[in-house]
Amino acid sequence: MTSVHTSTRERGARAVARPEWAGARGGLPQPPERPIAWSMLSRALSVPLILGLVCFLPAVIAAQPGSGVKDTAYWLQLVLTCYAGARLATMILSTRRRLLQGVFWMFVYIAMGVAPFAQVVIGQTPTPMVGPRQDLITAIAMVLVGCAAFDLGALLASRRPLRRRTPSARSAGGGPAVAHPLRLRLLVLLAFAASAFYVMKLGGPSVFFSSRQEINETVAASGVVSEGSNVGSAFIKGFGQVPALLALLFYTRRLATSYRARRTPSTALVWVALVALNLVVNNPVSNARYWFLTVLMAFVFTAFPSSAAIYRMVLATGVVGALVVFPYADKFRYDDEAQRPAQSASVFEPLVTKDYDQMVMFANTISWVDTRGHTYGRQLTGSALFFVPRAVWSGKPEDTGVRVGQWMGLRMTNLSAPLWTEFWVDFGASGVIGGLALIGYAVARTDRRYALAVTRAGPGPGSVLAVAAPLIAGYTFILLRGPLLQAAGKLAIAALCLLLISTFKEQRTARRR
């Protein structure tokens, strides 16, 4: 009788350790999230979604009046738009949550597909194209090839099973990274201290609810910006914003996944205080729209870690928001004199006069490289060593967008340099193909690890990956838009904070519910 009870308990323990819905290959989970209901819903939505993204929206843009010509650039851009739309529809309809891949294809569809296609049709671009038309054709073709390389890297990653960690490895400190409770409290203290210094340095909380223009002017007058270098201001701003966001995300995950945390008043009070802190330093009024988008997406995906409906809703509504809301979101953040008047009668006017200059800037970058040659890693090295002041490194490369803007003779050089251009500047076509393939591989592997981290069998409320992946997903828009030199600062600060609070030892408190 004793052996029977023992066998029963062992079977129960194994059932808890490995749910019946755990995948056989690579441990990729397949939780039963209303499979029958979602199967019916996906079949009902698949046809209109695919037709809308791949056929209807491109057809509406193609019917717009304009001076554009239907040359090779036109047809290549149409192919790229339809390809990205089909891949985005696949991400939305997938039964698995591919968080980073979904955000990648949403950016490509909007910023490298729909918007440039509207510019080609209407015959107007946000930034002038200084080179020949052939450079635009090359840019579109390389973006298309880079997307195919990204898909190839993701496919190779899906073919390689994830490593399983044995119980002995976990006990020896080889388990998944979790936030150490004491270090997490220290991160909260750092967040409040760094944000308080940031707020006081800029003159108090009221500045953060005025406009982004006033924030920039205050930073320039604060003395933290030296001539030719923004390292000081980048560190102050980064440490004033990133630790506060990370602390909020970790406490949000604890409240979302731990019943014990929700019954602890101190945890709820700290979370409320962190929300108030982020409303000051990370609000949409005084911050760049791409950064606030990072904050919003990271918070939503952390608060609803296993909700397939939230994942699909964000990807589906993100397209509408990017086309309708995003171009107008900066009107209240600058003075009226800084707003550019509308120059087109088309309903797609925001796509040709506002923010989506990625494709034309790639074409301009190709023209710039043709005049001076490739840099063979110098630009990427400058982005990796962003923290080195120019007073120490006199030859430190500038932002790629700034260099190209100066070469074009523009006064306003705050221009985008999408990731494709960073690889092109250093290594040409081989750099674009190899770089995007490596990114696709890494992104797909991270998505699979993230799917494990947010399941019931995952590392618990303190999982570092369950917080880091949503943050990276939101920050992907900034990384893809570029320039990398501007984007590297906050990413490095986030990585430093995560490294300091992470532990690979099994934490009993991390698994308490």
Side-chain angles (χ1 to χ4, degrees), residues 99 176-200 205 208-209 239-285 287 291-311 313-314 450 453-474 493-494 497-498 500-503 505-513:
L99 187 60
V178 295
H180 192 281
L182 177 59
R183 298 177 194 170
L184 181 57
R185 297 188 185 98
L186 294 178
L187 176 65
V188 173
L189 295 178
L190 171 64
F192 279 103
S195 296
F197 178 79
Y198 175 48
V199 171
M200 298 309 297
F208 290 83
F209 298 95
F239 277 103
Q241 295 177 312
V242 175
L245 175 59
L246 276 175
L248 175 63
L249 295 180
F250 274 105
Y251 271 80
T252 299
R253 173 162 175 80
R254 290 181 64 181
L255 292 175
T257 59
S258 173
Y259 177 76
R260 181 185 181 91
R262 289 192 293 270
R263 292 178 59 87
T264 305
S266 60
T267 302
L269 289 174
V270 172
W271 182 84
V272 171
L274 288 171
V275 169
L277 180 63
N278 279 271
L279 287 176
V280 175
V281 298
N282 288 319
N283 69 77
V285 177
N287 285 283
W291 173 247
F292 180 72
L293 186 62
T294 299
V295 174
L296 184 61
M297 289 190 65
F299 180 81
V300 170
F301 285 131
T302 302
F304 304 96
S306 58
S307 174
I310 294 295
Y311 162 77
M313 183 183 69
V314 169
Y450 172 73
V454 298
T455 62
R456 298 173 188 172
S463 170
V464 171
L465 183 58
V467 170
L471 180 63
I472 297 173
I493 292 174
C497 292
L498 292 174
L500 291 177
I501 68 172
S502 297
T503 178
K505 295 182 179 180
E506 196 75 10
Q507 296 287 329
R508 293 182 179 180
T509 57
R511 291 189 177 273
R512 290 178 182 174
R513 297 292 191 269

Exercise. Do the side chains of Thr257 and Pro305 get nearer than 4.5 Å, heavy atoms only?
Worked result: yes
Problem set entry | Spatial distance of atom CZ (Phe299) from atom CG (Asn282) [nearest 0.5 Å] | 12.5 Å
Exercise. To the nearest 0.5 Å, what is the distance between CG (Leu187) and CG (Leu500)?
Worked result: 8.5 Å
Seminar exercise, completed: The reported gap from CG in Leu246 to CG in Asn278 (rounded to nearest 0.5 angstrom) is 9.5 Å
Exercise. Quick one: does Ser258's side chain have a donor or acceptor within less than 3.5 Å of a partner on Ala261's backbone?
Worked result: yes
Exercise. So, do Trp291 and Leu245 sit near enough that their side-chain heavy atoms are less than 4.5 Å apart?
Worked result: yes
For this session: Output yes when a side-chain donor or acceptor of Gln241 lies under 3.5 Å from a complementary backbone atom of Val281, and no otherwise.
Result: yes
For this session: Of all the heavy-atom pairs spanning Ser502 and Arg183, show the shortest one and how long it is.
Result: O-NH1, 2.7 Å
Exercise. To the nearest 0.5 Å, what is the distance between CG (Leu465) and CG (Leu498)?
Worked result: 10.0 Å
For this session: Report the distance from atom OG1 of Thr503 to atom CG of Leu182, rounding to the nearest 0.5 Å.
Result: 11.5 Å
For this session: For Tyr450 and Phe301, work out which heavy atoms get closest and say how close.
Result: OH-O, 3.7 Å
Problem set entry | Heavy-atom pair with the smallest gap, counting every atom of Ala179 and Val464 | N-CG2, 3.7 Å
Exercise. Within 45 degrees of the axis of the six-membered ring of Tyr259 and under 6.0 Å from its centre: does Arg262 put its NZ or CZ there?
Worked result: no
Problem set entry | Taking every non-hydrogen atom, the tightest pair across Pro243 and Ile493 | CD-CG2, 4.5 Å
Exercise. For the residue pair Ala298 and Leu471, what are the closest heavy atoms and their distance?
Worked result: CB-CA, 3.8 Å
Exercise. Does a side-chain heavy-atom distance below 4.5 Å link Val272 with Tyr251?
Worked result: no
For this session: Measure from the side-chain N and O atoms of Asn283 to the backbone N and O of Val280, and report whether any donor-acceptor pair falls under 3.5 Å.
Result: yes
Exercise. So, for Gly462 and Phe250, which heavy atoms are closest and what is the spacing to 0.1 Å?
Worked result: O-CE2, 4.2 Å
Exercise. Where the side chain of Ser195 meets the backbone of Gly240, is there a donor-acceptor pair that is under 3.5 Å apart?
Worked result: yes
For this session: Would you indicate whether the side-chain heavy atoms of Leu274 and Phe192 approach each other to under 4.5 Å?
Result: yes
Exercise. Hey, mind stepping through Thr264 and Arg254 against side-chain contact (heavy atoms from CB on, under 4.5 Å) and telling me if it holds?
Worked result: CA-CA 11 Å; Thr264 305; Arg254 290 181 64 181; over 6 Å; no
